[in-house]
Amino acid sequence: QVQLVESGGGLVQAGGSLRLSCAASGLTFSRYVMGWFRQAPGKGREFVASIYWRGGSTYYADSAKGRFTISRDNPKNTVYLQMNSLKPEDTAVYYCAADRVGVSITKADYWGQGTQVTVSS
């Protein structure tokens with residue numbers, strides 16, 4: 001059974017940092033593209049960042065560029081999202097997702113349950 005378990009969310013002041021982790025099990029992690037998405041209250045889910053199998057290619061939403069960094073540790077079956085210079089508008093539930101070819105809002109083989117990030121002003 002495949003599981004994606006996010007952790008590292010919490011409450012932080014604007015300008016602060018958080019590091020999210022997503023631990024995967026039940027799949028061959030290195031064969032999956034991993035992504036982070038988020039959903040703010042009353043809004044749809046949106047793409048944040050993705051990273052390809054060996055970590056050589058990464059992609060970011062415009063809102064994440066320059067502030068967030070996605071990385072992966074294949075031996076640990078874990079993907080990370082380092083978030084710096086956080087803003088109140090980053091408040092959302094953050095989800096990780098896995099897909100063998102490429103992740104998007106409408107396409108992912110597996111989703112995690114999410115972790116709440118709240119940024120206070």
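Positions are given from 1, in the same order as the sequence printed here. All of these numbers come straight from a predicted model, not from anything done at the bench.
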Next item on the list: Ignoring hydrogens and angles, tell me if any N or O in the side chain of D99 forms a donor-acceptor pair with the backbone of D109 under 3.5 Å.
Entry: yes
Item checked: Check: L20 and V117 side chains under 4.5 Å, non-hydrogen atoms -> yes
Margin query: Could you report the tightest heavy-atom contact between R38 and A92, atom names first, then the distance?
Written below: CB-CB, 3.8 Å
Next item on the list: For S21 and T78, work out which heavy atoms get closest and say how close.
Entry: CB-CG2, 4.2 Å
Margin query: With clusters defined by side-chain heavy atoms of hydrophobic residues (ILVMFWY) lying less than 4.5 Å apart, directly or transitively, does V79 cluster with V48?
Written below: yes
Notebook entry, point to check: What pair of heavy atoms forms the shortest contact from V33 to R100, and how long is it?
Noted result: CG2-O, 4.3 Å
Next item on the list: Give, for atom OG of S63 and atom CG of D90, the distance between the pair rounded to the nearest 0.5 Å.
Entry: 7.0 Å
Check: Hey, what's the ring geometry for W111 with Y95, parallel, tilted or perpendicular (30° and 60° as the breaks)?
Finding: perpendicular
Check: Could you state the interatomic distance from OG1 (T115) to CG (L18), rounded to the nearest 0.5 Å?
Finding: 8.5 Å
Margin query: Could you check whether any side-chain N or O of N77 sits under 3.5 Å from a backbone N or O of G26, counting only pairs where one atom can act as donor and the other as acceptor?
Written below: no
Checklist line | Check: R72 side chain, Y52 main-chain N or O, donor-acceptor pair, under 3.5 Å | finding: yes
Notebook entry, point to check: Within the distance-only criterion (no hydrogens, no angle test), does the side chain of Y60 pair as donor or acceptor with the backbone N or O of I70 below 3.5 angstrom?
Noted result: yes
Notebook entry, point to check: Do L86 and Q13 come close enough that some side-chain heavy atom pair is under 4.5 Å?
Noted result: no
Notebook entry, point to check: So, do M83 and V12 sit near enough that their side-chain heavy atoms are less than 4.5 Å apart?
Noted result: no
Check: Does the pair D62/K65 count as a salt bridge with the N-to-O cut at 4.0 Å?
Finding: yes
Notebook entry, point to check: Can Y94 be reached from F47 by stepping across I, L, V, M, F, W or Y side chains whose heavy atoms are under 4.5 Å apart?
Noted result: no
Next item on the list: Evaluate whether atom CD of E89 has more than 12 neighbouring non-hydrogen atoms of other residues, nucleotides or ligands under 6.0 angstrom away.
Entry: yes
Notebook entry, point to check: Cluster question for you: counting only ILVMFWY and a side-chain heavy-atom cut-off of under 4.5 Å, with indirect links fine, are V93 and I105 together?
Noted result: yes
Note to self: Quick one, F68 and W36 - any side-chain contact, counting heavy atoms below 4.5 Å?
What the structure shows: no
Check: Do V2 and V103 belong together in a cluster built from hydrophobic side chains that touch within less than 4.5 Å?
Finding: no
Notebook entry, point to check: How far apart are the closest heavy atoms of D73 and Y80, and which atoms are they?
Noted result: CB-CE1, 4.0 Å
Notebook entry, point to check: Does a sphere of radius 6.0 Å around NZ in K76 hold more than 12 heavy atoms from other residues, nucleotides or ligands, not counting ones at 6.0 Å or beyond?
Noted result: no
Check: Which atoms form the tightest heavy-atom contact between T91 and V119, and what is the distance?
Finding: OG1-N, 2.9 Å
Check: Which atom names give the shortest non-hydrogen contact between E6 and L4, and what distance separates them?
Finding: OE1-O, 3.9 Å
Checklist line | Gap separating the CZ atom of R67 from the CD atom of Q82, nearest 0.5 angstrom | finding: 12.0 Å
